[in-house]
Colleague: 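Below is the structure I would like to discuss, written out as structure tokens.
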Protein chains: 2
Amino acid sequence: MAAREAQQERSRETRRRLLEASLATLSEHGFPATTVSAVAARAGVSRGAAQHHFPTRDSLVEAALEEFFSERTQKLRASVAALSTGRDGAPVEDVLELVFGFFSNRPFHAALHIWAAASTDAGLRELIVPAEARYGREVFQLMALALNADLSDQHTRRLLGLTLDVARGLGLGSVLVDTRQHQRHALETWSAILADIARND
Amino acid sequence: MAAREAQQERSRETRRRLLEASLATLSEHGFPATTVSAVAARAGVSRGAAQHHFPTRDSLVEAALEEFFSERTQKLRASVAALSTGRDGAPVEDVLELVFGFFSNRPFHAALHIWAAASTDAGLRELIVPAEARYGREVFQLMALALNADLSDQHTRRLLGLTLDVARGLGLGSVLVDTRQHQRHALETWSAILADIARND
């Protein structure tokens, strides 16, 4: 049994290295260059072992994107859960800080590379759109939960949706320059808008 | 004189083709691949003629980005000028529609490629940041002008700044999927927020 467990552990480690190498290759060299052989070479895994895990390039990239989004969502969920919440949900600024931060970090920059590549690559787009949509819905639900927002209200739903657009826009701005001061102002302004709405409910 | 004019016209045409080929190469293959020789070949211009216009790669890319931003700004300025304006400026929805549209079209997608490349390339970043900042300021001023907004008011300035973030975020969303319905809702929601503010002034 010990030998079998050790083998399973090695197999998981190989898979993990392949997924990590896929994301790095996707970000740096784009979808066409992300072949099973190229990723295997980067991960230091034999081509045969790589093909055992992922017979095709599409299955490899799909798993890598799935892993990428699921990891980001889990981290956000943990951060939201760790917020101190009162009876009416967590303070708006705290929730926004988490959400805005999530669209401005290194993984977001990696995602930007993948988006740019997908904008001119239909194959990659087909893989990324469903994963991205699920991620968006998850962040939306997490925000609603943390803010104790009333999702039966259309205006509330639209404001939460718009919050994701603001977060994406701030993230895009942060790619090139240090926008921390601007982000701080945006956070204050947007918090005030969301707070007004909550009060109106 | 006619011969000299014809030569000047040819020179302008060569420059134009080189700048266009630079942007295409930058978008598709990134900054490292955008050499004067590669761009000259793509433009169907001799390497010598290309180097006469642009002795270095940096001078070529800088001019191409400058041209790109200036063309986008001129188009936006013309669109804003064409808006029917009342005594209190143009209708908020009309102004937002122009601004949001500007961050969701094909040139924006090209810009996204360039941003993604610049996020991992310090040389390209140095060239793009000042041009991008000028473009942002210009769009900001155009919005203020069209809305007849009071720029001495801090909250107004912050909301206008946030409008650019919303526009960038919506643009990023539009890269992968058709987000027209979402954009329409975002436009309505954001227009209401901006209109409230205008009334408060």
Side-chain angles (χ1 to χ4, degrees), chain A residues 27-30 100 103 106 108-120 124-126 128-133 136 154-179 182-190 192-194 196-197, chain B residues 27-30 100 103 106 108-120 124-126 128-133 136 154-179 182-190 192-194 196-197:
Chain A
S27 302
E28 292 164 23
H29 307 292
F100 287 180
F103 285 87
R106 276 186 65 78
F108 178 80
H109 294 186
L112 193 62
H113 276 271
I114 298 168
W115 275 328
S119 77
T120 48
L124 185 56
R125 194 158 56 235
E126 263 177 47
I128 204 178
V129 165
E132 172 68 22
Q154 189 194 57
H155 189 59
T156 301
R157 289 199 305 275
R158 288 195 178 174
L159 271 185
L160 288 178
L162 205 50
T163 304
L164 286 181
D165 295 310
V166 175
R168 282 199 191 95
L170 287 170
L172 196 53
S174 77
V175 167
L176 295 185
V177 281
D178 182 348
T179 53
H182 175 68
Q183 289 233 10
R184 169 55 45 197
H185 293 163
L187 190 91
E188 285 169 16
T189 310
W190 193 248
I193 292 169
L194 285 190
D196 274 353
I197 299 317
Chain B
S27 302
E28 292 164 23
H29 307 292
F100 287 179
F103 284 87
R106 277 186 64 79
F108 178 80
H109 294 186
L112 193 62
H113 276 271
I114 298 169
W115 276 327
S119 76
T120 48
L124 184 56
R125 195 158 55 237
E126 263 176 48
I128 204 177
V129 166
E132 172 68 23
Q154 189 194 56
H155 190 59
T156 300
R157 289 199 305 275
R158 289 194 177 174
L159 271 185
L160 287 179
L162 206 50
T163 304
L164 287 181
D165 295 311
V166 174
R168 282 198 192 94
L170 287 171
L172 196 53
S174 77
V175 167
L176 295 185
V177 281
D178 182 348
T179 53
H182 175 68
Q183 290 233 9
R184 170 54 46 198
H185 292 162
L187 190 90
E188 286 169 15
T189 310
W190 193 248
I193 291 169
L194 285 190
D196 274 353
I197 299 318

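Order of the sequence lines fixes the chain letters, A, B, ..., with proteins taken first and strands second; residue numbering starts at 1 for each chain.
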Colleague: Quick check on B:Ile128 against chain A: is it the side chain, the backbone, both or neither that has a heavy atom closer than 4.5 Å?
Modeller: side chain

Colleague: Which residue in the set A:Asp165, A:Leu164, A:Val166 passes side chain to side chain contact (heavy atoms under 4.5 Å, CB included) when paired with B:Leu170?
Modeller: A:Asp165

Colleague: Can you tell me how far CG of A:Leu162 sits from CG of B:Leu162, rounded to the nearest 0.5 angstrom?
Modeller: 8.5 Å

Colleague: In terms of heavy-atom proximity below 4.5 Å to chain A, should B:Glu188 be classed as side chain, backbone, both, or neither?
Modeller: side chain

Colleague: Go through B:Arg168, B:His182, B:Arg158 and name the one with the most non-hydrogen pairs under 4.5 angstrom from chain A.
Modeller: B:Arg158

